[in-house]
Amino acid sequence: QVQLVESGGGLVQAGGSLRLSCAASGRTGGKLAMGWFRQAPGKEREFVAAISWSGASTAYADSVKGRFTIARDNAKNTVYLQMSSLKPEDTAVYCCAAGAITSPSSPVYDYWGQGTQVTVSS
């Protein structure tokens with residue numbers, strides 16, 4: 001089993017920045033890809049970004065390209081999501097996930113964190 005714990009969420013004004021972290025523990029020896037997803041009230045979960053185990057491959061949703069950056073530090077078993085130029089429509093609970101392959105598809109991921117709230121005020 002792999003446990004994932006997110007941190008770094010909060011309230012920020014539009015145009016501001018936040019950095020989310022996702023710390024993995026447990027059976028982290030496998031070369032797991034990591035993803036970030038978000039879910040706003042009344043909406044379905046949507047893909048945000050993903051990164052391969054080596055970090056060589058990344059993917060982003062069109063809505064966040066150029067504003068968000070995903071990165072990872074395997075020595076710390078941690079993945080990050082740097083969010084800049086935040087907009088009110090970025091408001092959501094952000095969850096990280098771990099799985100065997102880098103994918104924008106949530107069913108691919110086997111392990112999920114509880115999420116951290118990001119609220120962007122206008």
Side-chain angles (χ1 to χ4, degrees):
Q1 287 284 1
V2 175
Q3 292 79 44
L4 303 173
V5 178
E6 302 92 339
S7 61
L11 174 64
V12 63
Q13 289 188 331
S17 300
L18 280 176
R19 188 179 79 157
L20 305 183
S21 299
C22 173
S25 61
R27 299 183 67 178
T28 57
K31 296 183 178 181
L32 296 174
M34 301 291 292
W36 284 98
F37 292 79
R38 67 186 183 186
Q39 187 166 17
K43 295 188 177 181
E44 294 187 352
R45 178 188 290 167
E46 65 172 350
F47 169 72
V48 177
I51 187 167
S52 62
W53 180 84
S54 68
S57 177
T58 58
Y60 295 92
D62 288 343
S63 58
V64 306
K65 277 182 182 176
R67 300 189 297 123
F68 291 11
T69 302
I70 190 170
R72 67 189 298 162
D73 183 340
N74 288 338
K76 296 181 179 180
N77 292 324
T78 300
V79 64
Y80 306 96
L81 185 68
Q82 178 67 48
M83 307 185 294
S84 302
S85 302
L86 283 161
K87 305 175 182 179
E89 51 263 44
D90 293 319
T91 295
V93 174
Y94 284 70
C95 295
C96 66
I101 61 173
T102 309
S103 173
S105 176
S106 60
V108 165
Y109 294 89
D110 299 311
Y111 306 103
W112 292 83
Q114 292 296 313
T116 185
Q117 176 70 46
V118 172
T119 303
V120 184
S121 63
S122 57

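Everything numeric in this text was worked out from a predicted model, so none of it was measured.
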Original post:
For the residue pair L32 and W53, what are the closest heavy atoms and their distance?
Top reply: N-CD1, 3.4 Å
Original post:
Hey, quick one: are I51 and F47 part of the same hydrophobic cluster, counting side-chain heavy atoms closer than 4.5 Å, chains of contacts allowed?
Top reply: no
Subject >> OG-CZ distance between S25 and R27, expressed to the nearest 0.5 angstrom >> reply: 13.0 Å
Original post:
If you measure from SG on C96 to CD1 on I70, what distance do you get to the nearest 0.5 Å?
Top reply: 9.0 Å
Original post:
In Å and rounded to the nearest 0.5 Å, what is the OH to CG distance from Y94 to L18?
Top reply: 9.0 Å
**OP:** Give the minimum heavy-atom separation between A50 and T102, together with the two atoms involved.
**Re:** CB-CG2, 3.7 Å
Original post:
Between L11 and S121, which heavy-atom pair has the shortest distance, and what is it?
Top reply: CD1-CB, 4.3 Å
**OP:** Identify, with sequence neighbours excluded, every residue that meets side-chain hydrogen bond (donor to acceptor under 3.5 Å, both in side chains) alongside K43.
**Re:** none
Subject >> Cluster link V118 to M34, ILVMFWY, side chain under 4.5 Å >> reply: yes
**OP:** Check whether any side-chain heavy atom of Q117 sits under 4.5 Å from a side-chain heavy atom of T91, and report yes or no.
**Re:** yes
Original post:
Roughly how far, to the nearest 0.5 Å, is the CG atom of L4 from the CG atom of N77?
Top reply: 10.0 Å
**OP:** Can you label the angle between the W112 ring and the F37 ring as parallel, tilted or perpendicular, going by 30° and 60°?
**Re:** tilted
Original post:
What distance separates F68 CZ from T58 OG1, expressed to the nearest 0.5 Å?
Top reply: 14.5 Å
Subject >> Within-4.5 Å side-chain heavy-atom neighbours: Y80 and D73 >> reply: yes
Side-chain polar contacts of residues 83-90 - donor-acceptor pairs under 3.5 angstrom, sequence neighbours left out - could you list them?
| residue | atom | partner | partner atom | Å |
| --- | --- | --- | --- | --- |
| D90 | OD1 | R38 | NH1 | 2.9 |
| D90 | OD1 | R67 | NH2 | 3.0 |
| D90 | OD2 | R67 | NH1 | 2.7 |
| D90 | OD2 | R67 | NH2 | 3.4 |
| D90 | OD2 | K87 | N | 2.8 |

**OP:** Quick one: pull up CZ in R72 and OG in S52 and give me the separation to the nearest 0.5 Å.
**Re:** 7.0 Å
Subject >> For C95, disulfide bond (SG atoms under 2.5 Å apart) partners two or more places apart >> reply: none
Original post:
Which heavy atom of V2 sits nearest a heavy atom of A24, and at what distance?
Top reply: CG1-CB, 4.3 Å
Original post:
Residues two or more places apart in sequence or in another chain: which of them pass side-chain hydrogen bond (donor to acceptor under 3.5 Å, both in side chains) with Q114?
Top reply: none
Subject >> Backbone N/O of R19 and side chain of Q82: donor-acceptor pair under 3.5 Å >> reply: no
**OP:** Sequence neighbours left out, what passes side-chain hydrogen bond (donor to acceptor under 3.5 Å, both in side chains) with D110? Give chain and number order.
**Re:** none
Original post:
How about Y60 and T69: do any of their side-chain heavy atoms sit closer than 4.5 Å?
Top reply: yes
Original post:
Under the side-chain contact (heavy atoms from CB on, under 4.5 Å) test, which residues partner V108, sequence neighbours left out?
Top reply: I101, S103, S105
**OP:** Indicate, with yes or no, if V12 and L81 share a hydrophobic cluster defined by side-chain heavy-atom contacts under 4.5 Å among Ile, Leu, Val, Met, Phe, Trp and Tyr.
**Re:** yes
